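Below is a structure I'd like to ask you about.
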Amino acid sequence: MDYNFRTIEKKWQDYWKANQTNSSEVDHSLPKYYVLDMFPYPSGSGLHVGHPLGYIASDIISRYKRLKGFNVLHPMGFDSFGLPAEQYAIKTGRHPKETTEINIKRFKDQLDNLGLSYDWSREIKTSDSNYYKWTQWIFLKLYNSYFDKETKKAKDVSELIIPSHIDSSKRDNYIDSKRLAYIDTIDVNWCEELGTVLANEEVIGGLSERGGFPVTKKPMRQWVMRITKYADRLLDDLDDLDWPESIKSSQRNWIGKSYGAEISFTVNSELSVNVFTTRPDTIYGATYLVLAPENSIVEKIVTDDQKNEIENYQKIAKSKSDLERQENQKIKTGVFTGAFAINPISNKKIPIWISDYVLNSYGTGAIMAVPAHDERDYEFAQQFNLEVIKVIDSESDFFSGHGNIINSESFNGIHSKKFKDVVIDYLEKNKLGERKINYKLRDWIFTRQRYWGEPIPILHNKDKSIAVDEQDLPILLPEVESYLPTKSGKSPLARNESWKYITINGKSFERETNTMPQWAGSCWYYLRFLDPKNQSQFASESSIKYWMPVDLYIGGAEHAVLHLLYSRFWHKVLYDLGLVNTKEPFKKLVNQGMILGNSALIHRKIDGGGYVSSDLKDKYKTQSIHIEISFVNENNELNMELLKKNNPDFKDADFEYDKTFYVDREVEKMSKSKYNVINPDDICYNYGADTLRLYEMFLGPLEQSKPWSTSGIIGVHNFLKKLWRLYFHENEIIVNESVPNDYNLKTLNRCIKKVANDIENFSFNTAVSTLMITVNELTQQKCTSKKILEPLAIVISSFAPHIAEEIWQQLGNTDSITNSNYPNYDERYLHDTTKIYPVSINGKLKYKIELPTNLSKQEIEKEILADEVFIKKLHGLKPKKVIVVPGKIINFVI
RNA sequence: GCUGAAGUGGUGGAAUUGGUAGACACGUUGGACUUAAAAUCCAAUGGAUAGUAAUAUCCGUGCGGGUUCAAGUCCCGCCUUCAGUACCA
């Protein structure tokens, strides 16, 4: 019998399910290890081979840690609220819940096919009311909290001290203005196409992250999360996290802390313009001010003869989308307000302009322009012929670095870095300005005008808004007739009038009809996994205390700022309120790379129709079209018959080629629309889950992105066959009780050590290589000893659990291999070879000898003797002196 | 522009962190088994030169310098690619 992976894998997947091998409970006698995957959004197209990369890695770690004696928590769930299900619902009228359930079922089946050791008894879905009850509950916690400046912590609003000058009628307004979740009318990123507001993080280059639709600014009433209060803590606590440097740096970047000064420029006796600058040292070079077009000061200072022009400009600026604003960055536009301000240090009278290169939402929405030392100001000054004064010594017209100060009266000659402090001190002393820190981070816009999300548990009436009573949670998603937003831009929930209006104690209220963004559910799911069935708490205190923090979090780098920043923020609030016991949720983070698709592109002649082979395409004007990759072989040759048969578009098409028709290849993201998807089910069917698992790990370093290529999978599959033959011959197990020889022991021990090391360092590709070398060597050594082959099966079980279980059982074990222990290695069998290097110290030739570690004294002497002979051979003389340095280095002096 | 990561055979990728570069695997070539194919097994495989041969010598980790007995690895200066971000004053 050969290695029959289909039977074996089915058998053991059923066994694990039936015996709940992977479930874990709080057990204080064991050390815990919490391994978490970023849970997926259950999309309609199912898994492709790129998805499981991280899941396989985390599964290897989980299985390994279990063998190492840890109590491992390895759960999985679904981030099941989201836009695609809703858009599908709009198209078809089917409830998103239905399609979501179908998709989840499919995902689960696919995941189980891979032999992933999830504890499915802890499965959660963010769209489940048992789950989103607690998402709403946490929302209320944020709503009922404010940020205390003194302690830099969130506290319950009942502890808020109302200043004495606030009279009682304004009390509630005051409290509302301090809440961590608050309502504000702000210019938001409005996406017409999606009919919803997007967070800054969801807008990329002026287009929506999902779908790539244009985004414009629109003032709207929104729920907002005061994440900016946590900017410093979110920044500082990054230092202690074991996260990839790239992720930390993008979070730092996103928070964007910068040190500088806010400086006041007087316009007239009543008005002044405050600007923020990181370069107060260049203040003598400030030759004009620029305000953002939306800045409210503009109307107060504009002169009558400039009024028309200014208003025109404001109108144009407002109608521009973010994308349009960014398009012509190099060509600056702007209008003079007619007003002037006084530079507080040089006392120079300088003009005030408006321009859309100044953003109203950053700093004070106004800048002092120093054209000689800021590139944007320089471009603006060139455009409008404004004065340029150089205040830092440099050769070029424009210079953004540091140097010695010039043209700055009594301050000339000081270095600009030093002058920065001097100026700020001077400004503060004279009450002209102050030291200031600014952040790029904005408050988090928390509302979406969508159906398929968590309802926000708030009621409104004319006077004010109130929170829904905790007892009344969850606020269930109501049924609606249509999933489209209303014409006025309101959420589809507003369509259900009987749900929308509610009377409590004779007072009538209107429910909040907006829903939460997709990030809400994923902000805290790692906590619900700890205690998923708890009806009275989001998770019990004891489970939090035992399992938190997440020891290892594996997921894609695309969540570097969005999900990871938001969940850290929520976690910190929960921490402040005493609901969790750790400052940070995720101790170690690993980003798996993306597995890319290898798309096939066929060239269509633009005029005249028909298709042309890629080696002849230069003769025509062509356009390339994606075609299904299964119609193309490894040499980029197209199977035209298959294409014509399966795709009606090509049925009667002309193909021009010499002998063979070639297509072009392009490496890009795997996606259904690019016809480059490889389904893991197919791989499992043809080669087995164990092969797929090993192959995905063998492909290269986990963190690295790489294109999928099926060539090469045969090597891994051969390895498993070889492994099988190490244990079985003609259906008979050939392992016996023979005593292993030293070679066998060395091979095994090296493998045990190296694989453990590689797993701990996330170097799975080299671990797989080690396994291959080991099996090759043992095959060559014709090893049949159980003492060698039994521990080997355990080592392999983390990577290829199905085959390992089968071997384990055939070796006569009755328990699952997952309940055994990772074998210990014996240093005695790990002797490396001695290495000799010539070294010249003070002109004398010496030899540095590295001996293997853990040699006995006798063995060292033996080694030295052998090396003496070696060196003697080399030079024809015997070393005069042998210096034995403690440790492993020995010097021979010639 | 800024930030981060990376550049090694035909290909994916190793290299114990400064110590015999190319492990392991794919591919290719040759051989064994077979009527044949598949499967399997064995051997060769960075380049160049010399030799019938075992073998020997030289060149080789994006480019140019440097440190060192010794550099893929460290330092200086460039080039290229990928990812993220972008008028944040």
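A note on names: the letters A, B, ... follow the listed sequences, proteins ahead of strands, and every chain is numbered from 1. When reading the values below, keep in mind they use all heavy atoms of this one structure, side chains included, and skip hydrogens, waters and symmetry mates. Not measured: the values here are computed from a predicted model.
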Open item on the list: I'd like the C1' distance from B:U45 over to B:A23, given in whole Å.
Closed with: 15 Å
- [ ] Would you check if A:Asn295 and A:Ile354 make a side-chain contact, meaning some heavy-atom pair closer than 4.5 Å?
- [x]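 No, too far: nothing below the 4.5 Å cut-off.
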- [ ] Identify whether any heavy atom of A:Pro707 sits under 4.0 Å from a base atom; if not, whether one sits that close to sugar-phosphate; answer base, sugar-phosphate or nothing.
- [x]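 Contact class for A:Pro707: none.
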Task: Nucleotide nearest A:Ile773 (side chain, heavy atoms from C-beta), chosen from B:A89, B:A23, B:U40 - done: B:A23
Task: A:Ser246, nearest nucleotide to its side chain (from B:G4, B:A86, B:A23) - done: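 The answer is B:G4.
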Open item on the list: The side chain of A:Val358 is closest to which nucleotide in this list: B:U85, B:C87, B:A89?
Closed with: B:A89
Task: Complementary nucleotide of B:U73, counting Watson-Crick and G-U pairs under 3.5 Å - done: none
Open item on the list: Using a 6.0 Å distance limit plus a 45 degree cone around the ring axis, check whether A:Arg6 lies over the aromatic ring of A:Tyr685.
Closed with: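 Yes, cation above the ring, under 6.0 Å and within 45°.
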Open item on the list: From the set B:A86, B:C24, B:A15, return the single nucleotide nearest to any side-chain atom of A:Thr766.
Closed with: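 Taking heavy atoms from C-beta onward, the closest nucleotide is B:A15.
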Task: Gap between atoms OH and C1', on A:Tyr288 and B:A89 respectively (whole Å) - done: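 Distance check: A:Tyr288 OH to B:A89 C1' gives 11 Å.
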- [ ] Grab the CG-C1' distance between A:Asn438 and B:A89 for me, whole Å please.
- [x] 10 Å
Open item on the list: Would you say that more than 12 heavy atoms from the other residues, nucleotides or ligands in this model lie under 6.0 Å from the OH of A:Tyr743, or not?
Closed with: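 Counting other residues, nucleotides and ligands, OH of A:Tyr743 stays at 12 neighbours or fewer.
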Task: Atom C1', compared across B:U81 and B:C75: separation rounded to whole Å - done: 24 Å
TODO: Calculate the interatomic distance between A:Ile354 atom CD1 and B:A89 atom P; express it in whole Å.
DONE: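 Value for this atom pair: 22 Å.
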Task: Mate of B:G30 where both pairing distances stay under 3.5 Å, Watson-Crick or G-U - done: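 Across any shown strand, B:G30 pairs with B:C42.
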Open item on the list: Suppose you measure atom P in B:G84 against the same atom in B:A14; what distance do you get, rounded to whole Å?
Closed with: 22 Å
Open item on the list: Could you walk me through whether A:Asp421 and A:Arg435 satisfy the salt bridge (Lys or Arg N to Asp or Glu O under 4.0 Å) test, starting with their C-alpha distance in whole Å, then the side-chain angles of each, then the deciding distance to 0.1 Å, before giving a yes or no?
Closed with: CA-CA 9 Å; A:Asp421 282 322; A:Arg435 217 168 280 275; 3.3 Å; yes
Open item on the list: Please give the distance between the P atoms of B:U8 and B:U73 as a whole number of Å.
Closed with: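 It comes out at 14 Å once rounded to the nearest Å.
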- [ ] Quickly work out the A:Leu726 CG to B:U40 P distance and round it to whole Å.
- [x] 16 Å
TODO: Mind calculating the distance between CD1 (A:Ile424) and C1' (B:A89) to the nearest angstrom?
DONE: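 Computing the A:Ile424:CD1 to B:A89:C1' distance gives 14 Å.
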TODO: Counting heavy atoms from C-beta on, name the nucleotide in B:A86, B:U40, B:A89 closest to the side chain of A:Ser258.
DONE: B:A89
- [ ] Let me know the distance between CZ of A:Phe698 and C1' of B:C26, rounded to the nearest Å.
- [x]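 So the CZ-C1' distance, A:Phe698 to B:C26, works out to 8 Å.
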Task: Below 4.0 Å: OP1/OP2 of B:A83 and any side-chain N or O of A:Gln704 - done: no
TODO: Among B:G4, B:C24, B:A89, find the nucleotide with the atom closest to the side chain of A:Thr278.
DONE: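 Looking only at heavy atoms from C-beta outward on A:Thr278, the closest nucleotide is B:A89.
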Task: Worked verdict on A:Lys248 versus A:Asp239 for salt bridge (Lys or Arg N to Asp or Glu O under 4.0 Å) - done: CA-CA 8 Å; A:Lys248 286 196 199 182; A:Asp239 295 343; 5.8 Å; no
TODO: Would you mind calling B:G9 syn or anti? Take O4'-C1'-N9-C4 for purines or O4'-C1'-N1-C2 for pyrimidines, and syn is within 90° of 0.
DONE: syn
- [ ] Please determine, for the side chain of A:Ile367, which listed nucleotide (B:U3, B:G4, B:A89) has the closest atom?
- [x] B:A89
Task: Contact under 4.0 Å: A:Asn776 side-chain N or O vs B:A25 OP1/OP2 - done: yes
Task: B:U16 phosphate, OP1 or OP2, under 4.0 Å from A:Asn757 side-chain N/O - done: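 Answer no for this pair, as no side-chain N or O of A:Asn757 is under 4.0 Å from OP1 or OP2.
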- [ ] Once you apply the 3.5 Å cut-off to both distances, tell me the Watson-Crick or G-U wobble partner of B:U52, or none.
- [x]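 Check on B:U52: unpaired, no WC or wobble geometry under 3.5 Å.
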- [ ] Please measure how far the P atom in B:A21 lies from the corresponding atom in B:G72, and state the result in whole Å.
- [x] 8 Å
Open item on the list: What's the gap between B:A83 and B:U67 when it is taken at their P atoms, as a whole Å value?
Closed with: 38 Å
TODO: Would you tell me if any nitrogen or oxygen in the side chain of A:Arg725 comes within less than 4.0 Å of OP1 or OP2 on B:C41?
DONE: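 For B:C41, OP1 or OP2 has a side-chain N or O of A:Arg725 closer than 4.0 Å.
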Open item on the list: I want to confirm an ordering. Mapping A:Gly715 and A:Arg279 to their closest nucleotides on RNA chain B, which one lands closer to the 5' end?
Closed with: A:Gly715
TODO: Report the residue (A:Thr770 or A:Tyr439) whose heavy-atom-nearest nucleotide on RNA chain B is the more 5′ of the two.
DONE: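 The residue closer to the strand's 5' end, by nearest nucleotide, is A:Thr770.
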Task: Pairwise P distance, B:C79 and B:G64 [rounded to whole Å] - done: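 Result for the P pair: 15 Å, nearest Å.
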- [ ] For B:U3, give its Watson-Crick or G-U wobble partner with both distances under 3.5 Å, or none.
- [x]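 Across any shown strand, B:U3 pairs with B:A83.
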Task: Counter-base of B:A21, judged by Watson-Crick or G-U geometry with both distances under 3.5 Å - done: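 None - no nucleotide pairs with B:A21, as no candidate has both distances under 3.5 Å.
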Task: A:Tyr695 OH to B:U11 P, straight-line distance once rounded to whole Å - done: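 In whole Å, B:U11 P and A:Tyr695 OH are 15 Å from each other.
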Task: Proximal nucleotide (of B:A89, B:U40, B:C24) relative to the A:Phe276 side chain - done: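 From the listed options, B:A89 comes nearest.
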TODO: State the syn/anti category of B:U17 according to its glycosidic angle, syn meaning within 90° of 0.
DONE: syn
Open item on the list: Looking at A:Lys420 and A:Asp281, is there a salt bridge between them, counting it only when a charged N and a carboxylate O are closer than 4.0 Å?
Closed with: no
Open item on the list: When both hydrogen-bonding distances must be under 3.5 Å and the geometry is Watson-Crick or G-U wobble, what is B:U67 paired with, if anything?
Closed with: none
Open item on the list: Would you measure the distance from the C1' atom in B:U61 across to the matching atom in B:C74 and give it in whole Å?
Closed with: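 So the two C1' atoms sit 16 Å from each other.
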Open item on the list: Can you tell me the base-pairing partner of B:U61? Count Watson-Crick or G-U wobble geometry only, both distances below 3.5 Å, and say none if there is no partner.
Closed with: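 Its partner is none (no Watson-Crick or G-U wobble pair with both distances under 3.5 Å).
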Task: Out of B:U40, B:C24, B:C41, whichever nucleotide has its closest atom nearest the side chain of A:Lys721 - done: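 Output: B:U40.
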Task: Rounded interatomic separation in angstrom, taking NZ from A:Lys706 and P from B:U81 - done: 23 Å
- [ ] Go ahead and name the base partner of B:A14; Watson-Crick or wobble counts if both distances stay under 3.5 Å, otherwise write none.
- [x]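 Partner of B:A14: none found under 3.5 Å.
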Task: Carboxylate-amine/guanidinium proximity below 4.0 Å for A:Lys706 and A:Glu696 - done: no
TODO: Compare side-chain N and O positions of A:Tyr357 against OP1 and OP2 of B:A89 and report whether any pair is under 4.0 Å apart.
DONE: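 Checking A:Tyr357 against B:A89: no side-chain N or O falls below 4.0 Å of OP1 or OP2.
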Task: Nearest to side-chain heavy atoms of A:Asp374, which nucleotide of B:A89, B:G4, B:A86 - done: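 Of all the options, the side chain of A:Asp374 is nearest to B:A89.
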Open item on the list: Is the phosphate of B:C26 approached by A:Ser709 (side-chain N or O, under 4.0 Å from OP1 or OP2)?
Closed with: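 No, outside the criterion.
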Task: Under 3.5 Å donor-acceptor, A:Tyr378 side chain and A:Val388 backbone - done: no
- [ ] Can you label the angle between the A:His717 ring and the A:Tyr687 ring as parallel, tilted or perpendicular, going by 30° and 60°?
- [x]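 Ring orientation of A:His717 relative to A:Tyr687: perpendicular.
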Open item on the list: Measuring to OP1 and OP2 of B:A14, would you say a side-chain N or O of A:Asn765 lies under 4.0 angstrom away?
Closed with: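 The answer is yes; a side-chain N or O of A:Asn765 sits under 4.0 Å from OP1 or OP2.
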